[in-house]
Amino acid sequence: MRSLLFVAAAALSLASCSQTTGSIDTAIQKNLPQICSAAATAHSAFVIVASTGNGKQRTVAREAAAYAALDAVCKNPSSDR
């Protein structure tokens with residue numbers, strides 16, 4: 001789960017960089033659908049596990065915030081430019 005969040009954070013930071021090149025933009029556009037799909041799957045699994053009550057509330061809140069941020073980009077990728 002952490003590695004997925006790191007990949008998403010890296011993609012977002014690259015997308016917001018003011019000196020991106022066309023090849024970086026192309027790579028992000030190409031890989032964003034896979035990142036979003038993997039994140040949705042991981043989020044669904046996390047929600048199921050979290051519903052058992054065997055996790056810390058702080059972890060659940062952090063995951064929800066991270067997923068909400070990534071989900072906003074996934075739903076409207078052009079808004080991050």
Side-chain angles (χ1 to χ4, degrees):
M1 183 66 181
R2 278 191 173 164
S3 60
L4 176 62
L5 294 176
F6 287 129
V7 169
L12 291 175
S13 66
L14 288 175
S16 64
C17 184
S18 63
Q19 295 181 348
T20 58
T21 63
S23 62
I24 293 173
D25 286 341
T26 301
I28 291 169
Q29 289 173 353
K30 180 181 174 187
N31 294 315
L32 190 60
Q34 291 88 356
I35 291 169
C36 293
S37 177
T41 301
H43 174 68
S44 295
F46 184 85
V47 168
I48 291 169
V49 172
S51 69
T52 66
N54 292 330
K56 294 180 181 179
Q57 186 59 33
R58 182 177 177 186
T59 302
V60 173
R62 286 180 174 183
E63 187 279 338
Y67 183 71
L70 180 59
D71 192 45
V73 174
C74 291
K75 286 181 178 177
N76 191 5
S78 62
S79 68
D80 195 42
R81 294 173 196 246

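Pairs passing the disulfide bond (SG atoms under 2.5 Å apart) check and including a residue from residues 26-73, sequence neighbours excluded, read C36-C74. Residue pairs that meet the salt bridge (charged side-chain N to carboxylate O under 4.0 Å, His left out) test with at least one member in residues 68-77, sequence neighbours left out, are D71-K75.
For the atom pair CZ (R58) and CD (E63), the distance works out to 15.0 Å, reported to the nearest 0.5 Å. Of the inter-residue distances, the one linking I35 atom CD1 with I28 atom CD1 reads 8.0 Å to the nearest 0.5 angstrom.
V47 is linked by a side chain to side chain contact (heavy atoms under 4.5 Å, CB included) to H43, counting only residues two or more places apart in sequence or in another chain. A search for side chain to side chain contact (heavy atoms under 4.5 Å, CB included) contacts involving S44 returns nothing, not counting sequence neighbours. By the side chain to side chain contact (heavy atoms under 4.5 Å, CB included) test, A64 is found to be paired with no residue, residues two or more places apart in sequence or in another chain being considered.
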inquiry  = Between T59 and F46, does the side chain to side chain contact (heavy atoms under 4.5 Å, CB included) criterion hold? Intermediate values first, please.
reply    = CA-CA 10 Å; T59 302; F46 184 85; 4.0 Å; yes
ask   = Given V73 and L32, is the side chain to side chain contact (heavy atoms under 4.5 Å, CB included) satisfied, shown in steps?
value = CA-CA 9 Å; V73 174; L32 190 60; 4.2 Å; yes
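A distance-only check finds no donor-acceptor pair linking the side chain of T52 to the backbone of I48 [under 3.5 Å].
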